[in-house]
Amino acid sequence: MSPRRLPTLPAHPDVTVSSDQRVWNGRFPLDVVKFRHRRFDGTLSGEKTWEVWRRGRAAAVLPYDPVADAVVLIEQFRLPALAAGLGPVLVELPAGLCDDGESPEVTARREAGEEMGLEVGALRWIGSFLLTPGGLDELCELYAGWVQAPAANADGIAGHGGMAAEQEDIRVRVWPAAQAIEAVLAGRINNSVAAIGLLWLAARRSVLRQEWGKA
């Protein structure tokens with residue numbers, strides 16, 4: 001991914017910024033911001049210092065096949081999961097950061113192609129979600145996307161994907177929708193975006209199949 005332009009902290013009538021310093025300017029910059037904000041009682045807070053990791057806008061898509069009533073999910077290694085005490089291979093949705101000038105819809109379709117080799121048809125917006133609002137500005141636009149699930153073996157494995165240039169190692173797996181929903185309800189899916197998408201599907205599955213003409 002080429003370097004992206006990240007917006008400066010926008011002005012807000014209830015926030016007074018005394019300093020905004022970039023202390024790391026790598027692929028994902030880190031800013032240290034000193035500020036005061038309006039409290040609920042109307043007074044200004046004391047000065048606070050927050051570190052803000054700048055990642056910007058992102059998009060993810062829950063690939064759903066309404067004919068097979070199946071979702072297509074990915075599995076990949078995540079070092080921070082290991083640091084958190086979890087198994088390092090997570091079940092996830094195809095997702096990524098938006099390139100400069102790229103709409104979230106285009107990002108979602110691009111990531112599904114790069115990570116799964118799948119073409120997404122109709123998109124249904126699920127919502128906008130801050131992943132870690134205590135220290136990260138990444139805002140993820142989440143969609144459900146119509147796909148035709150690929151052929152899979154008895155374990156549901158449909159192959160591997162990812163960008164070789166980025167050393168991505170991604171396994172693609174087809175899940176019956178009911179099984180994937182049960183997995184997230186049982187706490188077996190730890191990725192927050194995947195969990196949100198599957199819980200949304202649990203509530204909107206029949207409606208989505210009707211909208212896409214596959215009831």
Side-chain angles (χ1 to χ4, degrees), residues 1-39 44-63 74 76-84 86 88 90 92-116 120 123-145 161-170 190-197 200:
M1 174 183 289
S2 59
R4 296 172 305 132
R5 294 186 299 273
L6 295 168
T8 58
L9 193 68
H12 191 281
D14 293 329
V15 180
T16 301
V17 176
S18 54
S19 69
D20 185 351
Q21 180 184 9
R22 181 147 296 170
V23 297
W24 170 255
N25 202 24
R27 183 184 178 193
F28 303 123
L30 180 66
D31 295 344
V32 175
V33 182
K34 294 185 177 182
F35 66 98
R36 291 180 169 85
H37 67 89
R38 187 76 57 191
R39 294 165 51 89
L44 279 179
S45 70
E47 186 174 73
K48 298 183 177 182
T49 301
W50 276 21
E51 297 173 350
V52 183
W53 190 23
R54 306 297 307 277
R55 283 175 56 91
R57 206 170 189 192
V61 59
L62 171 63
I74 61 174
Q76 61 181 322
F77 180 89
R78 296 296 196 186
L79 184 63
L82 183 62
L86 300 175
L90 296 185
E92 301 182 342
L93 307 183
L97 299 172
C98 300
D99 289 339
D100 284 341
E102 185 178 58
S103 71
E105 294 91 343
V106 170
T107 303
R109 295 180 188 278
R110 173 174 58 78
E111 292 292 338
E114 292 176 356
E115 297 187 355
M116 292 180 154
V120 176
L123 283 175
R124 171 74 181 270
W125 183 71
I126 295 175
S128 304
F129 302 96
L130 280 168
L131 303 186
T132 311
L136 185 66
D137 72 343
E138 184 173 347
L139 181 66
C140 184
E141 302 290 341
L142 178 56
Y143 303 88
M163 300 288 287
E166 298 179 10
Q167 299 192 55
E168 289 182 324
D169 179 32
I170 295 173
N190 303 118
N191 177 275
S192 60
V193 174
I196 292 168
W200 177 89

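All heavy atoms count here, side chains included; hydrogens, waters and symmetry mates do not.
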Could you verify whether a donor N or O on one side chain and an acceptor N or O on the other, from T132 and E138, lie under 3.5 Å apart? no

Nearest heavy-atom neighbours spanning A108 and A59: N-CB, 4.0 Å

Please check if atom CZ in R38 has more than 12 non-hydrogen atoms from other residues, nucleotides or ligands closer than 6.0 Å. yes

How many angstroms lie between CG in L139 and CG in L131, if you round to the nearest 0.5 Å? 8.0 Å

Between D137 and R55 (salt bridge meaning N to carboxylate O under 4.0 Å), is one present in this structure? no

L136 and W53 have their tightest heavy-atom pair at CD1-CE3, 3.2 Å

Exceeds 12 heavy-atom contacts within 6.0 angstrom, atom CG of D20: yes

State, yes or no, whether a side-chain contact exists between E105 and E141 at a heavy-atom distance under 4.5 Å. no

Could you check whether any side-chain N or O of R109 sits under 3.5 Å from a backbone N or O of V120, counting only pairs where one atom can act as donor and the other as acceptor? yes

Which pair of non-hydrogen atoms, one from P88 and one from A81, has the smallest distance, and what is that distance? CA-CB, 4.2 Å

Hey, what do you get for OG (S45) to CZ (F35), rounding to the nearest 0.5 Å? 6.5 Å

Are side-chain heavy atoms of H37 and K48 found at a separation under 4.5 Å? yes

Please check this pair: side chain of R54 against backbone of P7, looking for a donor-acceptor N/O pair closer than 3.5 Å. yes

When you compare the side chain of L90 with that of Q76, does any pair of heavy atoms fall below 4.5 Å? no

All heavy atoms of V61 vs all of G145, minimum pair found to be CG2-N, 3.6 Å

Interatomic spacing from NZ in K34 to CD in E47 - rounded to 0.5 Å: 6.0 Å

One should read off an interatomic distance between L123 CG and Y143 OH, to the nearest 0.5 angstrom, of 7.0 Å

Given the rule in the side-chain contact (heavy atoms from CB on, under 4.5 Å) test, do E51 and D31 qualify, once you have shown the distances and angles that lead to the verdict? CA-CA 6 Å; E51 297 173 350; D31 295 344; over 6 Å; no

Heavy-atom check, side chain of L142 versus side chain of L93, under 4.5 Å: yes

Could you tell me whether the side chain of V33 reaches within less than 4.5 Å of the side chain of T49, counting heavy atoms only? no

Just so I know, are the side chains of S128 and C140 near enough to count as touching, which here means a heavy-atom distance under 4.5 Å? no

Test item: L97 and T107 side chains (from C-beta on) under 4.5 Å apart, heavy atoms: no

Set out, in order, the CA-CA distance, both residues' side-chain angles and the distance that settles side-chain contact (heavy atoms from CB on, under 4.5 Å) for L9 and V17, then state yes or no. CA-CA 9 Å; L9 193 68; V17 176; 3.8 Å; yes

Nearest-0.5 Å distance, CZ of residue R22 to OG1 of residue T8: 9.5 Å

Do R110 and D99 have side chains that approach each other closer than 4.5 Å (heavy atoms only, starting at C-beta)? yes

Only residue of N191, N190, I170 satisfying side chain to side chain contact (heavy atoms under 4.5 Å, CB included) with E92 is N191

